[in-house]
Amino acid sequence: MALEQYVDWSEIESLIMILSDLIRKSPRSFSTITTLSRGGLIPARLLADHLGIQKILVDPTTISSDSLVVDDIFDSGNTFKKIQSLVDDSSRLFFVTLFARHGKQYPNQLVYAKQTNDDGYVVFPWDRLEFKNSQN
């Protein structure tokens, strides 16, 4: 049985630095960041600060392929598929996450900072209460 994987703020900051470096090394530039509410909000804000991007779009119905898409974790792939269907040119989608689920097949457009330890729930600092409440 897999145990939950707790992540602290220090690790979040390290993962943001890794992603920032990977994004800067890519041939792409982005004028906006797109994210889905809940899990992606905080990583999107932190990356925006590190990359000097001023505009964060939350829960849009269409996404420009020139927008950097940010989430906290690539897990089942369902969020990625949803996002991919909203992008004007999905071949240019650039999707970044703090974590990618260990053992999954990753799309070419995915950039991640770290793989999960296993299939256990990743508990981020911003969802500890949600996780605790789900255990009751």
| query | Who are the salt bridge (Lys or Arg N to Asp or Glu O under 4.0 Å) partners of E11, not counting sequence neighbours? | reply | K114
| remark: Output for pair (L98 CG, L46 CG), nearest 0.5 Å, gives 8.5 Å
| query | Can you list every salt bridge (Lys or Arg N to Asp or Glu O under 4.0 Å) pair that touches residues 73-85, not counting sequence neighbours? | reply | D75-R101
| field | Donor-acceptor contact below 3.5 Å, side chain Q109 vs main chain S90 | value | yes
| OG of S65 to CG of L93: how many Å apart, nearest 0.5 Å? | 9.0 Å
| field | For S64, all residues meeting side chain to side chain contact (heavy atoms under 4.5 Å, CB included), sequence neighbours excluded | value | D66, D88
| Does any N or O in the side chain of R92 come within less than 3.5 Å of the main-chain N or O of V87, such that one atom is a donor and the other an acceptor? | no
| Do you know the tightest heavy-atom contact between S67 and T32? | OG-OG1, 2.8 Å
| message | Please check if the number of heavy atoms outside Q135 that lie under 6.0 Å from its CD is greater than 12. | response | yes
| So if you build clusters from Ile, Leu, Val, Met, Phe, Trp, Tyr with side-chain heavy-atom gaps below 4.5 Å, do F131 and V7 land together? | no
| Applying the 4.5 Å side-chain criterion to the ILVMFWY set and letting contacts propagate, would L36 and I42 be lumped into a single cluster? | no
| Rounded to the nearest 0.5 Å, how far apart are CG of L3 and CG of D118? | 7.0 Å
| field | Same cluster (ILVMFWY, side-chain, under 4.5 Å), V96 and L57 | value | no
| Of all pairs that satisfy ring pair (Phe, Tyr, Trp, His ring centres under 6.0 Å), the ones with a partner from residues 9-36, not counting sequence neighbours | W9-W126, F30-F94
| query | How would you list, by chain and number, every residue that makes a side chain to side chain donor-acceptor pair (under 3.5 Å) with S76, sequence neighbours excluded? | reply | N78
| If you count the non-hydrogen atoms of other residues, nucleotides and ligands that lie under 6.0 Å from CG in N108, is the total more than 12? | no
| message | Under the rule for side chain to side chain contact (heavy atoms under 4.5 Å, CB included), what residues qualify as partners of R24, not counting sequence neighbours? | response | S20, D21, H50, L51
| said: My understanding is that only residues two or more places apart in sequence, or in another chain, count here; which of them pass side chain to side chain donor-acceptor pair (under 3.5 Å) with S91? | reply: D89
| task | State yes or no: do L19 and V70 share one hydrophobic cluster built from I, L, V, M, F, W and Y residues joined by side-chain heavy-atom distances below 4.5 Å, directly or via other members? | result | yes
| query | About how many Å separate CD1 of I83 and OG1 of T34, when rounded to the nearest 0.5 Å? | reply | 7.5 Å
| remark: Across all chains, not counting sequence neighbours, the side chain to side chain contact (heavy atoms under 4.5 Å, CB included) partners of T97 are D71, F74, F95, L110, Y112
| For Q5, which residues count as a side chain to side chain contact (heavy atoms under 4.5 Å, CB included) partner, sequence neighbours excluded? | F99, T116, N117, V122
| query | Partners of S37 by side chain to side chain donor-acceptor pair (under 3.5 Å), sequence neighbours excluded? | reply | D59
| said: I need the S29 OG to L68 CG distance, nearest 0.5 Å. | reply: 10.5 Å
| request: With sequence neighbours left out, write down each residue that passes side chain to side chain donor-acceptor pair (under 3.5 Å) with Y121, or none if nothing qualifies. | output: D127
| field | Same apolar cluster (I L V M F W Y, side chains within < 4.5 Å links), V111/L15 | value | yes
| message | Within this structure, what is the CD-OG1 distance for the pair Q84 and T79, rounded to the nearest 0.5 Å? | response | 12.5 Å
| field | Side chain proximity check, I16 to L47, heavy atoms < 4.5 angstrom | value | yes
| request: Hey, could you give me each pair passing salt bridge (Lys or Arg N to Asp or Glu O under 4.0 Å) that has a residue in residues 29-55? Not counting sequence neighbours. | output: R38-E130, R45-D49
